[in-house]
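The structure appears right after this line, and notes come after that.
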Amino acid sequence: MEEETKANSHSSVLTILIQRLFEKSGKELDNLDAIAVSEGPGSYTGLRIGVSAAKGLCYAINKPLIAVPTLQAMAWGAVRQVNDASALYCPVLSSVKDEVFAALYDAALNEIAAPASCDADLRTFLGFFGNKTVFLSGEGVKKIRLAEKMRKLHLPNSSQFMIELSERCFSEKKFCSLAYFEPLYLKNFIAKKTNFLFTLLP
């Protein structure tokens with residue numbers, strides 16, 4: 001599987017990577033049964049690009065859209081690595097400044113605490129921990145101020161964790177409306193001021 005990890009490159013490389021994938025696999029778009037996309041939370045721009053590409057492909061080949069919650073997919077990767085049915089799993093993505101996106105799941109991926117934007121001390125979730133061990137995963141973990149019973153896992157934020165969840169949604173026919181589905185942003189978009197330098201040519 002080919003990946004692109006360079007920041008702010010999604011819009012220019014996503015469709016190219018999709019084309020390469022089909023060329024290498026010898027498959028055609030029409031061979032697909034559905035298209036799955038990461039639902040969010042995450043980068044505002046990244047989510048819009050990914051969802052727009054997925055919707056466009058679904059419209060083009062008349063296939064259903066599946067949305068997999070990003071944090072749930074990350075939790076699934078942690079569950080598979082740890083294999084502790086009694087623990088809780090807290091996937092964490094970096095947000096702005098000292099904030100993170102996080103959620104809390106049990107080993108069966110039941111949602112204990114819904115995805116939320118919160119401070120790095122995870123106060124939003126502390127009341128749910130009880131006496132259970134909590135495994136933290138995701139690139140946002142570096143911001144977390146660890147409390148007792150929290151353990152860090154080193155897992156990539158990889159789309160491979162979406163595969164089984166996507167297949168489960170497909171078998172249960174959990175599809176999204178192409179017209180009305182929007183990513184889970186959790187935070188409003190904040191435009192950044194950019195300085196431009198113009199040079200007048202003779």
Side-chain angles (χ1 to χ4, degrees), residues 1-10 36-47 49-51 66-172 174 183-188 190:
M1 182 171 62
E2 190 172 355
E3 293 183 337
E4 174 59 60
T5 58
K6 183 179 178 182
N8 303 320
S9 63
H10 302 75
V37 67
S38 188
E39 179 182 69
S43 158
Y44 185 94
T45 302
L47 287 172
I49 292 169
V51 169
I66 295 170
V68 177
T70 305
L71 295 173
Q72 186 183 61
M74 292 169 59
W76 179 235
V79 169
R80 291 176 59 187
Q81 175 172 306
V82 175
N83 196 28
D84 183 346
S86 65
L88 296 178
Y89 298 85
C90 184
V92 185
L93 285 171
S94 182
S95 181
V96 296
K97 297 182 180 178
D98 200 30
E99 297 178 13
V100 296
F101 297 125
L104 194 63
Y105 301 88
D106 64 17
L109 290 189
N110 295 309
E111 189 178 273
I112 306 301
S117 175
C118 57
D119 294 333
D121 56 12
L122 294 180
R123 280 176 294 179
T124 305
F125 301 99
L126 293 179
F128 297 98
F129 289 173
N131 294 320
K132 294 181 178 292
T133 299
V134 180
F135 289 95
L136 303 171
S137 62
E139 49 83 25
V141 166
K142 61 182 179 289
K143 289 186 175 182
I144 301 299
R145 295 182 282 272
L146 286 179
E148 187 179 358
K149 295 186 179 300
M150 288 188 190
R151 300 182 183 178
K152 289 186 179 181
L153 296 176
H154 298 286
L155 290 172
N157 297 330
S158 176
S159 57
Q160 65 180 316
F161 302 139
M162 290 177 52
I163 296 173
E164 292 179 54
L165 302 185
S166 301
E167 291 176 340
R168 187 183 304 174
C169 288
F170 182 79
S171 65
E172 297 173 358
K174 292 183 178 179
L184 176 64
Y185 294 119
L186 288 185
K187 295 183 74 69
N188 293 327
I190 300 175

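- Counting only heavy atoms from C-beta outward, the side chains of M162 and L165 never approach each other to under 4.5 Å.
- Side-chain atoms of D119 do not come within 3.5 Å of backbone N or O of D121 as any donor-acceptor pair.
- Here the CZ atom belonging to F101 is positioned 9.0 Å from the OG atom belonging to S43, to the nearest 0.5 angstrom.
- In plain terms, the two heavy atoms of L109 and Q72 that are nearest each other are O-NE2, 3.7 Å.
- Of the inter-residue distances, the one linking R168 atom CZ with I66 atom CD1 reads 12.0 Å to the nearest 0.5 angstrom.
- Smallest separation of non-hydrogen atoms from T70 and L93: CG2-CD1, 3.9 Å.
- To the nearest 0.5 Å, atoms CD1 (I144) and SG (C90) are separated by 6.5 Å.
- In the displayed structure, K152 atom NZ is contacted under 6.0 Å by more than 12 heavy atoms of other residues, nucleotides or ligands.
- Among all heavy-atom pairs drawn from L122 and C118, the shortest one is CD2-SG, 3.8 Å.
- Partners of Y89 according to the ring pair (Phe, Tyr, Trp, His ring centres under 6.0 Å) rule, which considers only residues two or more places apart in sequence or in another chain, are F135.
- Distance check, rounded to the nearest 0.5 Å: OG of S95 to NZ of K143 gives 6.0 Å.
- Side-chain atoms of D106 and L88, non-hydrogen and from C-beta on, do get closer than 4.5 Å to each other.
- R145 CZ: more than 12 foreign heavy atoms inside a 6.0 Å radius.
- The shortest side-chain heavy-atom distance between I112 and F125 does not fall under the 4.5 Å cut-off.
- Between F161 and W76, the shortest heavy-atom contact is O-CD1, 3.6 Å.
- Smallest separation of non-hydrogen atoms from P41 and L47: C-CD1, 4.0 Å.
- Interatomic distance, OG of S86 versus CG of N131, reported as 11.0 Å (0.5 Å rounding).
- Within the 4.5 Å cutoff, the side chain of L104 has heavy atoms near those of the F129 side chain.
- Closest heavy-atom contact between M74 and P91: CB-CB, 3.7 Å.
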